[in-house]
Amino acid sequence: MTDLPDGWEWARLEDLAGPEPRSMTDGPFGSNLKSSHYTEAGPRVIRLQNIGFGEFIDESAHISEAHFDALRAHDAVANDLVVASLGQDLPRSCVVPDHLGPAIVKADCIRVRLHPDVDARYVNYALQRPALRSAVRDQIHGVGRPRLGMMGIKQLPVPLASRAEQERIVAAVEETLPRLDTAAKSLESALRRSAFLRQRIVDEALEGKPEPLGDLLREPLRNGLSARASPNGSVRVVTLTAVTRSEFTDDHTKLIEPVERSVDDLWMQPGDVFIQRSNTPELVGTASMYRGAHHWAIFPDLLIRVRVGARVDPEYLELALRSVRLRSYFQRSAQGIAGSMPKISQPTVEALEVPLPDVGRQQQIVT
């Protein structure tokens, strides 16, 4: 950890919690809160979907008053801090807004009721530091479903200033954020327009009689391996982010503990195309082709590997899988229950109809 200004000190997040019992608590697990408990109205359930990067995302889920009373030990009130312990780019956190009303946190959402001498907004901003995200990367475990866990969240380091300095910093940040939001929205709009135009170009370029992807395979589809991550592991596994961003680099991998079974059939090969079989509704079905070296990494259970035969150029398949019509097919076909990530199956992938000209024309389209 870096040196701090005079009068500051490093503190763990658990040291900043209030004195009352259960000042840090996870949400209820298992049968205590199931999809069948959700209602059309009533007290709110704070889920992972609500925890943005420093902001509360207002997506509604409710339970009955009676069930809320039974789970009151997991309640969250205005000015509580909520930290995500599961997902990509951890830690993420937000402050419970004043307007929310009665609420509880769901599993994998850690509620922190801070000491009165600590400004929750300041701690929330402190947890968004890129340096902190880099520092905790080795503590995150789980292949495909990255998890920091309660213990890791308790140990998160916070550079603690005096209360007056905390409030001064919060005021400076919140004065700047609206300008950044305006710039971010303008950039996001431009990127959306660029992505839309690119997809239109791809969609208009695709041609040929549609054929089921299952008829074009060189090998059967294959899901990857689910195994526990370990900083001392010897086998590298790519994360979903590698496919989302089409960046197959060491930054988007985990090391796993030794496994009893052989992984020889899971090594990624140049030309392999990977499809995300589970992710958010926007990302499920996202596909990318691997162009790296042999025996660099294996792939996790939440990816489906596609190896096509001689009739298909894998770069063309990657392009086609990014088109609007094929992406829409996966999003329509994805299945899931309330509170869970949507999923697609191997039969769904096999049934996907790919427009297929001859290989020479495929390569021209890619070019």
Side-chain angles (χ1 to χ4, degrees), residues 88 143-146 202 206 208 211-227 229 233-256 259 261-279 283-323 326-327 329-330 333-334 343-360 362-363 365-367:
Q88 298 178 8
V143 177
R145 290 175 62 80
V202 170
L206 298 183
E211 297 196 36
L213 183 55
D215 293 345
L216 307 173
L217 301 176
R218 169 166 54 94
E219 297 180 11
L221 298 177
R222 181 64 191 272
N223 292 1
L225 177 71
S226 177
S234 57
V235 178
R236 190 177 297 280
V237 183
V238 295
T239 64
L240 295 184
T241 309
V243 173
T244 301
R245 300 180 181 177
S246 198
E247 296 176 2
F248 293 94
T249 66
D250 290 354
D251 289 341
H252 302 312
T253 62
K254 298 289 183 185
L255 294 175
I256 62 169
V259 292
R261 54 148 293 183
S262 169
V263 297
D264 287 347
D265 57 341
L266 296 177
W267 289 111
M268 300 165 62
Q269 297 180 10
D272 286 350
V273 176
F274 294 94
I275 300 174
Q276 298 188 27
R277 71 178 187 89
S278 180
N279 208 321
L283 294 177
V284 65
T286 302
S288 287
M289 190 186 89
Y290 176 63
R291 294 169 169 82
H294 290 267
H295 286 75
W296 168 70
I298 65 173
F299 60 103
D301 183 52
L302 295 182
L303 294 180
I304 297 175
R305 183 184 66 198
V306 182
R307 286 179 173 169
V308 289
R311 296 175 58 208
V312 186
D313 183 317
E315 286 192 274
Y316 173 81
L317 177 61
E318 177 190 47
L319 199 66
L321 290 172
R322 292 177 177 176
S323 67
L326 271 60
R327 292 282 297 114
Y329 166 80
F330 283 139
S333 304
K343 295 179 174 63
I344 56 177
S345 64
Q346 289 189 10
T348 296
V349 175
E350 290 173 339
L352 172 69
E353 295 204 334
V354 181
L356 198 70
D358 63 63
V359 173
Q362 293 173 36
Q363 293 169 346
I365 290 171
V366 170
T367 301

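Any value given below was found using the heavy atoms of this structure, including those in side chains, with hydrogens, waters and symmetry copies removed.
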* **Beyond-backbone contact of Gln276 with Leu303, side-chain heavy atoms, under 4.5 angstrom** =>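 In contact.
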* Would you call Val238 and Val243 a side-chain contact if the rule is heavy atoms closer than 4.5 Å? ->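 They are not in contact (no side-chain heavy atoms under 4.5 Å apart), so the answer is no.
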* Asked: Ile275 and Val306: side chain to side chain contact (heavy atoms under 4.5 Å, CB included), yes or no, with the steps?
  -> CA-CA 8 Å; Ile275 300 174; Val306 182; 3.8 Å; yes
* Asked: Considering the options Leu216, Leu221, Leu213, which one meets the side chain to side chain contact (heavy atoms under 4.5 Å, CB included) requirement together with Glu350?
  ->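 In the set Leu216, Leu221, Leu213, the residue that makes a side chain to side chain contact (heavy atoms under 4.5 Å, CB included) with Glu350 is Leu221.
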* Asked: Just one of Thr286, Leu283, Val284, Ile344 clears the side chain to side chain contact (heavy atoms under 4.5 Å, CB included) bar with Phe330, so which one?
  ->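 Single side chain to side chain contact (heavy atoms under 4.5 Å, CB included) partner of Phe330 among Thr286, Leu283, Val284, Ile344: Ile344.
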For residues [X] and [Y], report the shortest heavy-atom separation together with the two atoms involved.
X: Pro270; Y: Gly292; value: CG-O, 3.0 Å
X: Ala320; Y: Val354; value: CB-CG1, 4.3 Å
X: Gln362; Y: Pro357; value: NE2-O, 2.9 Å
X: Arg322; Y: Ala287; value: NE-O, 3.4 Å
X: Pro314; Y: Gly271; value: CB-O, 3.4 Å
X: Ala310; Y: Val359; value: O-CG2, 3.4 Å

Atom [atom1] in [X], atom [atom2] in [Y]: separation rounded to 0.5 Å?
X: Asp215; Y: Leu356; atom1: CG; atom2: CG; value: 10.5 Å
X: Phe299; Y: Thr239; atom1: CZ; atom2: OG1; value: 14.5 Å
X: Leu240; Y: Arg245; atom1: CG; atom2: CZ; value: 12.0 Å
X: Met289; Y: Leu321; atom1: CE; atom2: CG; value: 12.0 Å
X: Met268; Y: His295; atom1: CE; atom2: NE2; value: 12.5 Å

In chain order, what residues pass the side-chain contact (heavy atoms from CB on, under 4.5 Å) check against [X], with sequence neighbours excluded?
X: Asn223; value: Arg277, Asp301, Ile304, Gln346
X: Ser323; value: Val202, Asp203, Leu206, Arg325, Leu326
X: Val235; value: Ile256, Trp267, Ile298

Go through the structure and list residues passing salt bridge (Lys or Arg N to Asp or Glu O under 4.0 Å) with [X], not counting sequence neighbours.
X: Asp265; result: Arg222, Arg261
X: Asp313; result: none
X: Asp250; result: Arg236

Mind checking side-chain hydrogen bond (donor to acceptor under 3.5 Å, both in side chains) for [X] and listing every partner two or more places apart, or none if nothing turns up?
X: Ser345; result: Thr348
X: Arg218; result: none
X: Arg305; result: none
X: Asp358; result: none

* Within residues 285-294 or reaching into it, pairs that qualify as salt bridge (charged side-chain N to carboxylate O under 4.0 Å, His left out) - sequence neighbours excluded ->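 Pairs touching residues 285-294 that pass the test: Arg291-Glu315, Arg291-Glu318.
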* Asked: With sequence neighbours excluded, what pairs up with Tyr316 under the ring pair (Phe, Tyr, Trp, His ring centres under 6.0 Å) test?
  ->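 So Tyr316 forms no ring pair (Phe, Tyr, Trp, His ring centres under 6.0 Å) with any residue.
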* Plane angle bin for Trp296 and Tyr290 - parallel if under 30°, tilted between 30 and 60°, otherwise perpendicular ->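 Because their plane-to-plane angle is under 30°, the rings of Tyr290 and Trp296 count as parallel.
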